[in-house]
There are 4 protein chains.
Amino acid sequence: MTNHPSYESMLQKQLILPQGLLTSYKRMGMNETELAIVLQLWRFQQEGVNFPTPAELIHFLTISEEECSMLLRALIQKGLIEILDEKGPDNIIQEKYSLEPLFARLFQPETKPKEKKDVPKE
Amino acid sequence: MTNHPSYESMLQKQLILPQGLLTSYKRMGMNETELAIVLQLWRFQQEGVNFPTPAELIHFLTISEEECSMLLRALIQKGLIEILDEKGPDNIIQEKYSLEPLFARLFQPETKPKEKKDVPKE
Amino acid sequence: MTNHPSYESMLQKQLILPQGLLTSYKRMGMNETELAIVLQLWRFQQEGVNFPTPAELIHFLTISEEECSMLLRALIQKGLIEILDEKGPDNIIQEKYSLEPLFARLFQPETKPKEKKDVPKE
Amino acid sequence: MTNHPSYESMLQKQLILPQGLLTSYKRMGMNETELAIVLQLWRFQQEGVNFPTPAELIHFLTISEEECSMLLRALIQKGLIEILDEKGPDNIIQEKYSLEPLFARLFQPETKPKEKKDVPKE
């Protein structure tokens with residue numbers, strides 16, 4: 001009497017992660033809440049939302065908006081994520097959370113993190 | 001001067017998750033640490049390790065072995081994971097953490113969780 | 001001196017397939033060209049294009065438009081894919097290639113294919 | 001009355017491909033049968049079988065063993081796959097089909113293929 005959704009929809013809505021993200025986040029100085037924020041940023045990005053607000057993020061997190069903002073800043077300060085300016089389809093400059101520094105440290109373990117002293121205030 | 005690993009190895013070591021795990025864990029009563037435990041169980045399972053011990057799990061978590069044991073029990077109590085007996089290759093019965101109840105609730109949202117009163121002591 | 005694209009872009013542009021598609025297409029009566037068409041339909045679907053034309057498909061196939069149309073009809077006739085009417089965002093009915101019959105046969109091997117006698121002419 | 005396998009087993013047995021493999025194989029001079037061979041090599045590799053024989057491959061292909069051997073040689077000659085010697089767990093040298101040249105051309109389009117004149121006879 002199961003009533004599962006179509007196989008098509010189950011198979012379509014999946015997310016791919018480098019396994020190293022799960023085996024290395026601790027070594028890279030992240031805790032489980034920061035891991036969850038990174039996973040949510042990655043998921044939003046797949047759906048075309050490149051700069052979700054803390055208010056949008058905490059819809060899927062058990063933390064407060066203030067804690068979310070603080071942890072986003074912490075991730076930037078640790079050199080794991082960064083905010084980039086990107087030209088959108090209309091040539092309008094838009095901000096984007098990039099996970100590239102984190103992936104670079106996963107795949108090129110010798111990469112030195114660039115500790116940032118000045119982090120943009122939100 | 002990048003020195004990345006082979007594309008082959010990058011592409012091989014990936015993990016696939018249902019997106020709903022990230023959008024629904026909060027609604028299902030899990031916090032970020034419980035999410036991380038579930039993701040580690042899932043990753044271990046892909047590698048053929050079906051019943052990692054708390055000691056093995058916390059190698060990749062920022063929590064203590066006691067907290068890990070407690071959260072595993074909490075996940076069982078909430079009806080999200082279960083321990084199954086499985087026949088291994090040598091016909092030996094082995095225990096396994098199954099995420100099937102959690103996946104069933106993701107894919108068949110009407111599924112009622114079976115709250116368990118009696119949880120196996122570790 | 002490698003010049004690879006960002007890890008982010010490499011990791012984003014991936015496609016997930018049931019392994020069974022590769023191990024069972026032969027048993028289900030498909031050849032390699034039909035497999036490639038199914039994979040292209042699946043890829044288009046991930047990008048939101050639910051009803052690619054043969055002309056669009058052969059941009060990525062080594063066959064002619066006529067052969068592509070013929071093989072799409074053959075896949076429908078074998079009960080592996082079907083054309084569905086779907087309500088789009090504007091309430092407009094749109095056609096869609098669904099791979100659901102094929103996935104059902106992969107995941108429920110006892111499923112009987114519904115051989116179709118009448119196939120829509122293109 | 002569906003009788004699908006467990007979600008766990010459905011979600012575990014999946015294969016991840018770079019999308020570019022499907023959009024670029026034609027441009028890289030491959031046909032659909034060669035694509036299918038590459039996909040089978042990739043799938044075998046995920047399962048730890050790094051050097052499947054033509055006899056093993058054609059179990060999942062609609063072509064003959066001779067055609068399979070010929071197409072494997074063609075893929076090597078076009079510089080898309082290569083045979084590597086790898087040290088196995090017991091320090092024994094084992095052969096392996098590597099898809100690295102193909103992935104390099106996907107991800108670094110400027111890469112020149114190294115046309116091989118001398119191809120190992122099977």
Side-chain angles (χ1 to χ4, degrees), chain A residues 1-47 49 52 56-63 67-68 71 100 103-111, chain B residues 1-47 49 52 56-63 67-68 71 100 103-111:
Chain A
M1 214 60 70
T2 63
N3 205 350
H4 67 77
S6 73
Y7 295 114
E8 223 174 41
S9 68
M10 270 194 266
L11 294 170
Q12 260 170 12
K13 293 182 188 161
Q14 298 187 89
L15 194 67
I16 305 175
L17 304 178
Q19 279 187 22
L21 192 52
L22 294 179
T23 51
S24 303
Y25 73 87
K26 181 184 185 176
R27 182 177 50 73
M28 293 196 290
M30 293 163 69
N31 64 24
E32 282 69 27
T33 313
E34 290 168 309
L35 172 68
I37 290 176
V38 163
L39 293 175
Q40 297 293 357
L41 292 177
W42 185 234
R43 186 183 60 76
F44 268 106
Q45 210 179 101
Q46 313 300 301
E47 297 179 357
V49 179
E56 286 172 308
L57 286 164
I58 62 162
H59 193 65
F60 305 102
L61 294 163
T62 71
I63 59 174
E67 197 177 351
C68 186
L71 290 173
E100 192 67 13
F103 290 140
R105 279 169 74 181
L106 279 185
F107 294 124
Q108 307 156 232
E110 73 283 6
T111 310
Chain B
M1 215 59 69
T2 63
N3 205 350
H4 67 77
S6 73
Y7 294 116
E8 224 175 38
S9 69
M10 271 194 265
L11 294 170
Q12 259 169 13
K13 294 182 188 161
Q14 298 188 88
L15 195 68
I16 304 175
L17 305 177
Q19 280 188 22
L21 192 51
L22 293 180
T23 51
S24 303
Y25 73 87
K26 181 184 186 176
R27 182 178 49 73
M28 293 195 291
M30 294 163 69
N31 63 24
E32 281 70 26
T33 312
E34 291 169 309
L35 172 68
I37 290 176
V38 163
L39 293 176
Q40 299 292 358
L41 291 176
W42 184 233
R43 186 182 61 75
F44 269 104
Q45 210 178 99
Q46 312 302 301
E47 297 178 357
V49 179
E56 286 171 310
L57 286 164
I58 62 160
H59 193 65
F60 304 103
L61 294 163
T62 70
I63 58 174
E67 196 176 352
C68 185
L71 290 174
E100 192 67 14
F103 290 140
R105 280 169 74 182
L106 279 185
F107 294 125
Q108 306 156 234
E110 74 284 8
T111 311

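Letters A, B, ... mirror the listed sequences (proteins, then strands); counts begin at 1.
Annotation: the span from B:Lys13 atom NZ to A:Phe107 atom CZ amounts to 10.0 Å, rounded to 0.5 Å. The distance from atom OG1 of B:Thr23 to atom NE2 of A:His59, rounded to the nearest 0.5 Å, is 9.0 Å. A:Gln14 contributes atom CD, which lies 10.5 Å from atom CG of B:Leu15 (distance to the nearest 0.5 angstrom). One finds the CG atom of A:Leu17 at 7.5 Å from the CG atom of B:Leu22 (value rounded to the nearest 0.5 Å). B:Tyr25 contributes atom OH, which lies 8.5 Å from atom CG of A:Leu39 (distance to the nearest 0.5 angstrom).
Listed here is the closest heavy atom pair of A:Glu47 and B:Gln19: OE2-OE1, 3.0 Å.
Residues B:Leu61 and A:Glu32 are in side-chain contact: their nearest non-hydrogen atoms beyond the backbone lie under 4.5 Å apart.
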